[in-house]
Structures are given as structure tokens and as C-alpha cells.
Number of protein chains: 2
Amino acid sequence: MAGIKDVAALAGVSISTVSYVMSGKRSIGEATKAKVMAAAKKLNYMPNAQARNLRGEPTKVLALSSPIHEYTDYSNYAVFFFALAMRAKRYGYDILLLMHEYGDQELTRIASSGMVDGILLLDVVMCDARADVARTLDLPVVAVGYPSNSDGIYSVDLDFERMGREAIEKAYALGHRHVLIAGTDQSAYEDGSNYLVRFRDAAAKKGDDLGVSVLFKPSTGFGRDDVNLMLDEALSEDPDISLIICQTNAVHITNVLNALHMRGLRVPEDVSVLAACTYGLGSLPRKVDELPMLPNETCSRAVDIMMEVLQGKRNDVGHVELLPSRYQARGTVAAH
Amino acid sequence: MAGIKDVAALAGVSISTVSYVMSGKRSIGEATKAKVMAAAKKLNYMPNAQARNLRGEPTKVLALSSPIHEYTDYSNYAVFFFALAMRAKRYGYDILLLMHEYGDQELTRIASSGMVDGILLLDVVMCDARADVARTLDLPVVAVGYPSNSDGIYSVDLDFERMGREAIEKAYALGHRHVLIAGTDQSAYEDGSNYLVRFRDAAAKKGDDLGVSVLFKPSTGFGRDDVNLMLDEALSEDPDISLIICQTNAVHITNVLNALHMRGLRVPEDVSVLAACTYGLGSLPRKVDELPMLPNETCSRAVDIMMEVLQGKRNDVGHVELLPSRYQARGTVAAH
DNA sequence: CTGAAAGCGCTTACAG
DNA sequence: CTGAAAGCGCTTACAG
């Protein structure tokens, strides 16, 4: 691995000259510059990043803390990963992956290692230990997700409470008075998975306000039998359900549609179906009205904010940015 | 951010003493050690990784090169990501993500930056430019996948050629003489996606040897209509097809099963269905016989080999390790 | 049992 | 237009 000394020796100049040629921070005689360039190219020289970092230059690496849980859905995760990484790349930043279950220790370790310029947080829970640790670090932290302890970090998220309210308002406007929220795994709600809880609770609250009955059923699984059991329970508790909001995934929703079909219920004539907080259902063969996650939007924004902070353009730690979702109509929600 | 000087000052000792206490590479008086530990804890001190690296210590970071293509399936990717990252974590290594479309320039940059101890390659194509670059680096490179230019790196992969042969051998043994391979997107084959090509070509070759007709149909999409069109074409070209090998994904396979059902064809009585080179179909409601990818096995092995190389335990660059797949019988393949 | 000093590969004031 | 030297935060021979 060629170092700056090797290049200097080969070009017959001092190492500072090599450094200045590489950085372009000083005007250099054409002849010298050419010699240095030739030597650098010949030796395949690139400055050692560690040495630059020691001098206080940015590492051009962002840490991405994304703890893995039992119920972690790899495919949804990947979308966020990629979105963040792609955006970071546009700014010349690489991503260092941290996926410990307990992300907070990890954070301290990486922050003091000096290997990254900032930290991105994924899979944020309502009360996130990492947000508290962030306060003690002298590195900027931007969360995709909105913890309750959000001072000390920057947060970007969809406005899930608004999404929950809008879903029920829309239902109300269309004449629905009995709504079922078919949720995902119970444990995800108990662990405080941010968006699930916010959406559900805001929907329930709005239901109370408007006089819309909102029944919540977490799922025990996504298979046909699980779905049938869930529907049996729900319909026996409230036979008047006319709108089902699925806060789940493609497989589950497919099975819900199948189950309704089997019961002779037409969509949307008899029952309306809406997917909320879901990913990329648009590419599936079976279309459903959707209040989708917008991972690209949130992740892009998170990286943009990180860049603004790193460039010293903002100084409002604790700022929370909530983006609106976009309703995708696909013909499965109708008036009742 | 507290440095070694701060700790030394607070503890009233020299920085070398602090260093030795932290590393444990020298015996230190109990009193001094206690003072240093207390100071370090109080200041939340952790050694700066950049500085250590400059001194030649390992960075404990592995680069993961995983170029993104148009047809990249995020969810499958994620499985490999996670498997590699989890295994690396067991050895105390973090992962630095590189996802440029042209991974080779990226590789040179990272290698000379000194930020990583080694490089892992994902999404390897038949003739992979990155493998050639690897030769010029003085960092170990381990590929998950088996390029044709595999000297200069270490490679780990499933034995897809063997998998292809075994699929046809099994078909032959069960009396099938007309087999359809329903493939994924044509472009994936054209780009030389390693495993797809190896499996298909080995299957075709074995078909020739045994007198089994092997028809290959790439897919134009995974939806119901795409599948029906593909089946129409295939069955008109060879009406005697009795086994369909799907080299695709869950959505596609589901639609193949549906399409067969619609045509009044029973599985496996009339047509057998086998999934090959697929991911985690076991968790889907609809079970299918499968020759699955084993991402955990391959990725674990890749990281293990990387560690062996880093520890100087092996010196056989160019080594290729091919792991056998495991046939998962689930009742959709029968005698004909 | 502990410390002063060299050096890892760079960048950047300070000189000329 | 170019160079000699200090220093980033560590580790480790070299001394005592």
C-alpha cells in the first residue's frame, strides 16, 4: 500500500507538495503537479483515511443503528437500509451497520471510536434508550422514527397520528361507523414500536370523537387460518364492521381478501379494505387502497438533515419533522 | 470527547500507563490501575480507533460490497446482509456497506483508505470485475458466490451446478421426462447472475444426458397474467410437461400454483412443482418442495473463512468452497 | 512498577 | 512556488 512518502520520493518532491496536489488547496507549478499526479497514479495512491480523520477531517461515514428483534421483517428493513444508504452515497457518505439488540452501548463505542461523523437511528421505539445516549455523544444523531424522548436528537417520521385520524375521518365521511383495525403481531405493539402504536391510538381516539367504533385485533400469524380466526372473533364482537384497516403486510392482506371472498363478502361493495403503514403494495398483483410508508421520503429527509447539521447549517437539536402520507386509492374503499 | 491525555491528567499518571491499563499488556500496580480505571470511567473514555488503526491495529470492520441492480430484490438481499453482519458481529466485526453499481472503484478506494480489514463480496456475477481488482489490493477478499475469475479471492457458494443436476436426476428417477424451468427475469441471466446461470445450465446439460427435455422460460413479470402467458407458451411448446421447476420467488410460485389450479391440474397428481434457488418459502402458508438457498450457511462460512485468513491461519487464495443444498420435501413433487 | 519519546500517515500553519 | 516541522491520539520499544 503506497503512502504519501512513496509518492513524494518517486516524484522527487516533499510530502507537503504531494498533499497539496491531491487536495488542490494550494496552487502548484504545472510541472510539479504533473510529476506528482504521475507518481500517484503509478503507485495507485489514495490518502489513508485514518490519518486524515486523526487530523479532524470528516470520515465520510455514517453509522446506522438498527437493532434486530425477533419480529423484525427483513424485507421491510432492507428498504430503509437501502434508502438511507443510497441517499448518503449522494453526499459521498458510506454506511457503517450496527445491529445490536441493545443499540445504546454500541452507540457509545462507535462514537468514541471516531470512525463516523454522525449516527442514524432506525427502528425507533416509543421510549428509545439510544436517544438518551445520543445526548452524551458529541456526534449528531438523526432518527427515522419519532421517540417520545426526542430532545437531544433530530427526528424524521411520517405523521402516523395524523394518518390514523385521517383514516377514520375518511371512513366517517364515507358512512362507515364500524371499523376493524387488523394489526400485526401483539408483541410489536407491546415493545412500543413507534408508528404502529401512534397510528392505532390516534385512530381509536378519533373514533371516539366521531362516534365510530374502532375494534383492534392484533394477529397471531399471517396465514389463512390465523386470518379466519381473527375475522371470526372480530365479526362476532362487532357484526357491523364495514371497513377493515390492515396494519400488516402483503401476505396477510392477501389472505384477508381471500377470506372475505370465501365468506361471500364483496370488496368494496360489502366490506371496504384499506392498508395502512404498509410497504410497496402497489407492485403486488392484488391492489388495495393504501396509506403507505414512504421510506424513501423519510430516509432521504433524514440524511438531508444530517448533512445540514454536519455542515453547521442548523442548530435546533430536538427538532421533529413529520411528513404527511399520501392516500393511494385503488378501488377497495367505498361508501357504506 | 475525552482522550488518553485527559484520562492521564485526571489519574495523575502518564499516557503510556493509561494505555497499558486499557490494553492489559503490562502489569500495573493495583492502586494506579484503580485510579486509571476510575478516571476512564468518569470521562467515558474509549480509545480512538483511528489512532489505533494508524499504528497498524485491525479496524475490526469489514467492507461489504453489494452492487445494486435494477432487478435487485431487496428482501432477498437483506437476508444475506443480516446473515453476514450477524456472523461478523460474533467476531467483534462491524460492516461497512458499499453499494455502488460499479463496485470495483469503490473497492480500491476503501482498501487504500485503511478503514477495513477485509472485503466481502455479494451479488457476484459470472465474470466479476471486483474479483480482478481484489488481486491488486493487499486486503483479503471473500466472495459469497462463485465467479469464474475466482483466483485472487476466496469464494463460498452453494453448489448450484450440483443442485441443477440433482433436480433433473430426481425428476428422471420419478419418471418425469418433460421439465419446465420457470425462470426469473431474463436480464438477470444475461447479466450473468452466478447461481441462476449455473443451475439452469447444469440442469439443461443433465437433461441432455438423461434424455429429459428441459424447457426454459424466463418470466416477464410475477403477476397472474405473466404467469398464465408463460404457461401457455410452455405448454404449447411441450404439452407433456409434468414437472415445473420455479427458479423465482414466493409471489410467482403462488401464481403458478393458482394458474395450475385454474387449469384443473392437480399438484402433484398431474403436475409436480419444485422451487429451486429460493428463499424461506417454508414460512409461507402455501408449501412447496424446495431446493432452497441457504444464506445463513454460506454467509457464516464466508465470514469464518475471512477470520481464518485475518488470523493468518490460511494462505490458499483462490480457494472455492461449494456447499451442498438440502432438499425440502413438502408434497408437491410426485412420481409421474 | 512507571515514564519519556518515537512514529503510524496524513494536513496545515509557518517560513522562505 | 515549495519545504521543514508540528501535531492529530494512540501503542510500544527503550530506559530507569
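No hydrogens or angles considered: a donor-acceptor pair under 3.5 Å links the side chains of A/Tyr91 and A/Asp304.
A close approach under 4.0 Å does not occur between any side-chain nitrogen or oxygen of A/Ser19 and OP1 or OP2 of C/dC10. Here A/Lys33 does not reach the OP1 or OP2 of D/dC1: none of its side-chain N or O atoms lies under 4.0 Å away. Distances shorter than 4.0 Å separate none of the side-chain N or O atoms of B/Tyr20 from OP1 or OP2 on D/dA13. When the side-chain nitrogen and oxygen atoms of B/Lys25 are compared with OP1 and OP2 of D/dT12, one or more of them lie within a distance under 4.0 Å. Residue B/Lys5 has a polar side-chain atom (N or O) positioned under 4.0 Å from OP1 or OP2 of D/dC8. Contact annotation: A/Thr32 does not reach the phosphate of D/dC1 (side-chain N/O to OP1 or OP2, under 4.0 Å).
The environment of A/Arg314 atom CZ is dense: over 12 non-hydrogen atoms of other residues, nucleotides or ligands sit within 6.0 angstrom. For B/Met126, the CE atom sits in a packed shell: over 12 heavy atoms of surrounding residues, nucleotides or ligands are nearer than 6.0 Å. More than 12 heavy atoms of other residues, nucleotides or ligands sit less than 6.0 Å from atom CG of B/Asp316.
Per the geometry, CD belonging to B/Gln50 stands 12 Å off C1' belonging to C/dG9, to the nearest Å. Note: CG (A/Asp6) to C1' (C/dC8) measures 13 Å, nearest angstrom. Protein atom CD1 of A/Ile4 is 14 Å distant from nucleotide atom C1' of D/dA4, rounded to whole Å. What separates CZ of A/Arg52 from P of C/dG9 is a distance of 15 Å, to the nearest Å. As a whole-Å value, the separation of A/Met22 CE from C/dC10 P is 9 Å. The separation between B/Ile28 atom CD1 and D/dT12 atom P is 13 Å, rounded to whole Å. Atom C1' of nucleotide C/dC10 and atom CG of B/Leu54 are separated by 8 Å, given to the nearest angstrom. Rounded to whole Å, atom P of C/dG9 lies 14 Å from atom CD of B/Glu57.
Between B/Tyr195 and B/Phe160, the ring planes are tilted. Angles from 30° to 60° get that label. B/Phe81 and A/Phe82 have parallel rings, their planes meeting at less than 30° on a 0 to 90° scale where 60° marks the start of perpendicular.
Taking every side-chain heavy atom of B/Ser16 into account, C/dG3 is the closest of C/dG3, C/dT12, D/dC1. Nearest to the side chain of A/Thr17, among C/dC10, D/dG3, C/dC8, sits D/dG3.
Comparing A/Met46 and B/Val13 against DNA chain C, the residue whose closest nucleotide sits nearer the 5' end is B/Val13. Along DNA chain C, the nucleotide nearest to B/Ala51 and the one nearest to B/Gly12 differ in position, and the one closer to the 5' end is contacted by B/Gly12.
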Would you tabulate the side-chain donor-acceptor contacts of residues 22-30 of chain B under 3.5 Å, counting partners in other chains and residues two or more places apart, or write 'none'?
from	atom 1	to	atom 2	distance (Å)
B/Ser23	OG	B/Ser19	O	3.2
B/Ser23	OG	B/Lys25	N	3.3

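One can find a donor-acceptor pair under 3.5 Å joining the base of D/dT2 and the side-chain atoms of A/Arg26.
No contact: A/Gly56 has no heavy atom under 4.0 Å from any strand.
Side-chain contact between B/Leu107 and B/Leu121 is present, with at least one heavy-atom pair separated by less than 4.5 Å.
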Pairs counted as Watson-Crick or G-U wobble with both distances under 3.5 Å: what dot-bracket string results for DNA chain C, using | for bases tied to another strand? |||.||||||||.|||

